[in-house]
Chemist: 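Take a look at the following structure, please.
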Number of protein chains: 2
Amino acid sequence: MEQSSNIEEQDLSLKLFVVLSRAMESITKRVEEDIRRYGLNPTEFAVLELLYHKGDQPIQKIGTKVLLASSSITYVVDKLEKKSFIERKPCPRDRRVTYAVITNEGTELMNEIFPKHKEAIQDIFAGLNNSEKDELIKQLKKLGLYAEEL
Amino acid sequence: MEQSSNIEEQDLSLKLFVVLSRAMESITKRVEEDIRRYGLNPTEFAVLELLYHKGDQPIQKIGTKVLLASSSITYVVDKLEKKSFIERKPCPRDRRVTYAVITNEGTELMNEIFPKHKEAIQDIFAGLNNSEKDELIKQLKKLGLYAEEL
DNA sequence: TTCATTAATCTCGAATTCGAGATAATTATA
DNA sequence: TATAATTATCTCGAATTCGAGATTAATGAA
């Protein structure tokens with residue numbers, strides 16, 4: 001009896017995991033389609049958005065915020081720099097540090113595409129009304145925090 | 001007024017997207033940790049689990065179920081075959097087709113690790129009670145279906 | 001001050017995934 | 001039947017990410 005209810009609980013959790021994964025797949029696919037329209041990949045967009053909204057960042061800080069290994073950050077920053085959307089600027093106080101700085105071109109790009117991106121997200125999530133979204137945010141936060149702290 | 005409420009809605013959707021992405025990151029990290037304990041990566045596990053639970057599959061069918069390009073399936077099947085967990089078996093009726101078939105070794109592995117995997121998932125999702133999970137499943141399905149059909 | 005530790009960035013090679021195109025077999029059509 | 005279109009699998013090269021280790025700089029302790 002204890003046993004069987006544990007099994008049922010496990011099945012429910014597994015089902016939630018499957019449904020969550022599938023939903024994420026569908027949503028990610030749409031969001032990526034949107035981002036690629038702007039000639040960026042999701043990582044490039046995330047880095048550019050960080051600099052756009054949060055200002056200049058030491059390269060290593062970027063890694064902690066977008067969850068990338070330092071070697072991957074080097075790669076992405078190289079690409080964005082080649083596209084002239086960001087620049088590297090050495091830190092005068094600490095010569096180990098290099099800042100990633102968004103250029104005018106990068107800012108102009110984001111001025112143009114970020115509103116479109118928000119609209120796309122809005123469309124993708126239009127299957128729920130506002131109070132359902134509020135509720136979902138609350139539950140997902142609970143879930144995420146719990147998993148993070150395991 | 002119409003304008004401002006649209007903006008708020010967009011912000012809410014964006015927030016939901018961010019929270020969903022973060023939750024998924026945390027959960028995925030834990031699930032991957034679990035799977036790597038068994039000497040598999042997530043894709044290998046997914047393929048093996050498919051064959052374990054659904055029986056032999058034409059290689060191309062695997063791709064549609066675990067959402068991988070055909071070239072990626074070839075790669076994963078090669079790896080699982082090298083590890084002796086699956087075998088390729090030509091289809092006698094259609095010589096274009098090759099079946100992926102789980103071996104005794106593969107079945108024994110899954111007999112051992114799948115219950116552990118379910119426990120791990122159970123632990124990861126223990127931040128919610130059963131009725132919250134039910135509710136979350138319902139909303140995520142709605143969201144996923146909507147995004148899929150866009 | 002000198003030496004050890006810590007920190008930031010980069011290089012390199014491996015792993016994984018994809019898309020385009022090749023090959024071979026089957027099915028549909030004229 | 002001969003030809004065209006479709007299907008299944010694979011090969012190959014590019015893109016992305018990672019981890020380990022190298023380099024350089026800053027900081028802390030003796």
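Lettering of chains follows the sequences in order, A, B, ..., and the numbering in each one begins at 1.
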Chemist: Find the distance A:Ile62:CD1 to C:dC10:C1' and express it as a whole number of Å.
Modeler: 14 Å
Chemist: What nucleic acid atoms does A:Thr98 come within less than 4.0 Å of, heavy atoms only: base, sugar-phosphate, or nothing?
Modeler: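 Sugar-phosphate only.
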Chemist: Under the side chain to side chain contact (heavy atoms under 4.5 Å, CB included) rule, collect the residues that match up with A:Glu105, sequence neighbours excluded.
Modeler: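 Once residues adjacent in sequence are excluded, the partners of A:Glu105 under the side chain to side chain contact (heavy atoms under 4.5 Å, CB included) criterion are A:Ser84, A:Phe85, A:Thr103.
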Chemist: Just how far, in rounded Å, is P of D:dA8 from CD of B:Gln57?
Modeler: 13 Å
Chemist: Sequence neighbours excluded, which residues qualify as side chain to side chain contact (heavy atoms under 4.5 Å, CB included) partners of A:Ala69?
Modeler: A:Ser71, A:Ser72
Chemist: Going by the rule side chain to side chain contact (heavy atoms under 4.5 Å, CB included), which residues pair with A:Pro115 if we only count those two or more places apart in sequence or in a different chain?
Modeler: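 None.
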Chemist: Rounded off to whole Å, could you give me the CG-to-C1' distance for the A:Asp78 and C:dC12 pair?
Modeler: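 Between C1' of C:dC12 and CG of A:Asp78: 14 Å.
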Chemist: The criterion is ring pair (Phe, Tyr, Trp, His ring centres under 6.0 Å); which residues satisfy it with B:Phe45, sequence neighbours excluded?
Modeler: B:His117
Chemist: Each nucleotide in nucleotides 15-24 of chain C should get exactly one letter: B, S or -. Can you fill that in based on protein heavy atoms under 4.0 Å?
Modeler: SBBBB-----
Chemist: C:dT27 phosphate, OP1 or OP2: any side-chain N/O from B:Arg93 under 4.0 angstrom?
Modeler: no
Chemist: Just to verify, what does A:Glu132 make a side chain to side chain contact (heavy atoms under 4.5 Å, CB included) with, not counting sequence neighbours?
Modeler: A:Leu128, A:Asn129, B:Gln139, B:Lys142
Chemist: More 5' along DNA chain D: B:Pro58 or A:Pro92, using each one's nearest nucleotide?
Modeler: B:Pro58
Chemist: For the pair B:Lys116 and B:Glu119, find out whether any cationic side-chain nitrogen is under 4.0 Å from an anionic carboxylate oxygen.
Modeler: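 Salt bridge flag = no for B:Glu119 with B:Lys116.
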Chemist: For B:Arg88 and D:dA8, what is the distance between atoms CZ and C1' respectively, to the nearest whole Å?
Modeler: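 It works out to 12 Å between those atoms.
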Chemist: Nearest whole angstrom, please: distance from the P of C:dA7 to the NZ of A:Lys61.
Modeler: 12 Å
Chemist: Can you tell me how far P of D:dA26 sits from CG of A:Asp94, to the nearest Å?
Modeler: 5 Å
Chemist: Atom CD of B:Gln60 to atom C1' of D:dA8: distance rounded to whole Å?
Modeler: 7 Å
